[in-house]
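Both backbone and side-chain heavy atoms feed into the values below; hydrogens, waters and symmetry mates do not. Just follow the structure's listing: the first ligand is 1, and inside any ligand the first atom is 1.
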Amino acid sequence: MNNFVIAGNWKMNTNIETTISIIKNVAEQVDQLNEVKSTIVICPPFTNIYVAVQEAKKSKHNLHVGAQNCHFEESGAFTGEISLDMIKSLNCDYVIVGHSERRAYFNETNADINKKLKAVLKNNLKVILCIGETLEDRQSHKTFDVLETQLNGCLQDIVENDMKNIIIAYEPVWAIGTGVSAKTEEIEEAHNWLRNYCEKKYANAGKTVALLYGGSLNDKNAPEILNVSNVNGGLIGGASLVPEKFVSIIKTAESLSK
Ligand code: PGA
């Protein structure tokens with residue numbers, strides 16, 4: 001298995017000044033490490049990506065910057081939207097698609113997410129695809145049906161070779177932003193199911209595709225969660241805005257790396 005992916009999703013937080021100060025702080029701490037095996041990705045709001053990339057470049061390690069969303073069309077009359085050409089010209093290299101907040105508040109469907117995912121790949125960027133069930137889904141024992149429907153829809157027409165540029169983040173909606181993560185047994189069950197799904201669909205790439213956990217992952221629970229089988233990293237919201245916490249999660253990943 002590859003090393004861990006530790007990705008921060010800043011959501012609609014930070015401005016230019018705070019973006020610079022958080023990344024500077026993270027870079028200073030990470031630069032004290034001789035070697036970093038994990039892939040570190042920071043996803044600020046669109047307006048702050050430019051300065052985030054400039055600041056991240058100052059680190060001696062490779063700090064990647066990503067976008068939180070994109071539009072699937074190349075250009076045109078889509079007021080307020082951001083194309084992949086725009087994102088690519090910022091020199092960032094990851095795009096999150098299908099976050100549950102986009103699904104819930106902006107009515108994104110699996111078909112929309114599939115279009116976005118294909119557009120990201122066409123532009124040679126990497127995708128972090130988010131999936132996850134709601135509390136209602138879980139309570140009515142529909143978790144794996146929901147995950148399967150999401151994956152079937154979002155990965156439609158995606159072939160084995162595309163998978164090297166895709167990361168999947170399992171984020172149970174009920175654990176996001178609550179301060180209480182899913183239990184390790186629940187995470188293990190979901191990640192084993194996901195690995196199995198990916199291996200069935202993509203014989204080789206399914207074995208190595210990174211499966212991230214997201215949902216109240218923080219510096220305290222990272223040692224336990226990142227140690228769960230088939231958890232290859234985390235997508236971190238709240239804790240990624242606090243440099244000490246984010247770096248602590250990175251250090252945990254480093255200590256668990258082979
Ligand atoms: P959280 O967010 O870590 O604040 O729960 C995770 C996410 O939504 O990606």
J.: Would you mind running through ligand 1 and noting each atom that sits below 4.0 Å from a heavy atom of Gly237?
T.: 1 (P), 2 (O), 3 (O), 4 (O), 6 (C)

J.: List ligand 1 atoms under 4.0 Å from Gly177, heavy atoms only on the residue side.
T.: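 Atoms satisfying the 4.0 Å criterion: 1 (P), 4 (O), 5 (O).
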
J.: Which atoms of ligand 1 are found less than 4.0 Å from any heavy atom of Asn9?
T.: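 Near Asn9, the atoms of ligand 1 are 9 (O).
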
J.: Suppose we measure from atom 4 (O) of ligand 1 to each protein heavy atom; which comes out shortest, and what is that distance?
T.: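 Ranking protein heavy atoms by distance from atom 4 (O) of ligand 1, first comes Gly238 N, 2.9 Å.
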
J.: Give the atom numbers and elements of ligand 1 that come within less than 4.0 Å of a heavy atom of His99.
T.: 7 (C), 8 (O), 9 (O)

J.: Below 4.0 angstrom, N of the basic side chain to O of the carboxylate: do Glu74 and Lys122 qualify?
T.: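 A salt bridge is present here (some side-chain N lies under 4.0 Å from a carboxylate O).
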
J.: I'd like to know if Lys11 and Glu101 make a salt bridge, using a cut-off of under 4.0 Å between side-chain N and carboxylate O.
T.: yes

J.: Whether Lys207 and Glu199 form a salt bridge (side-chain N of Lys/Arg under 4.0 Å from carboxylate O of Asp/Glu) is what I want to check.
T.: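 Answer for the salt bridge query: no.
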
J.: Suppose we measure from atom 9 (O) of ligand 1 to each protein heavy atom; which comes out shortest, and what is that distance?
T.: Glu171 OE2, 2.6 Å

J.: So if I count the atoms of ligand 1 from 1 in the order they appear, which ones are less than 4.0 Å from some heavy atom of Ile176?
T.: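 Taking each heavy atom of Ile176 in turn, ligand 1 has 2 (O), 5 (O), 8 (O) under 4.0 Å.
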
J.: I want to know if ligand 1 touches Lys11 in the polar sense, i.e. an N/O pair below 3.5 angstrom.
T.: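 Yes; the residue has a nitrogen or oxygen that sits under 3.5 Å from a nitrogen or oxygen of the ligand.
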
J.: Please give the remaining members of the hydrophobic cluster of Phe72, linking ILVMFWY side chains under 4.5 Å, ordered by chain and number.
T.: none

J.: Taking NZ, NE, NH1 and NH2 as the nitrogens, is one of them in Lys142 or Glu136 under 4.0 Å from a carboxylate oxygen of the other?
T.: no

J.: Establish whether Tyr50 and Ile87 are linked, either directly or via other cluster members, by ILVMFWY side-chain heavy-atom contacts under 4.5 Å.
T.: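 Shared cluster, yes.
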
J.: Identify, by atom number and element, the atoms of ligand 1 in contact range of Gly215, meaning under 4.0 Å from any of its heavy atoms.
T.: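 Heavy-atom distances to Gly215 below 4.0 Å select 5 (O).
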
J.: Do Glu55 and Lys24 meet the salt-bridge criterion of a basic N to acidic O distance under 4.0 Å?
T.: no

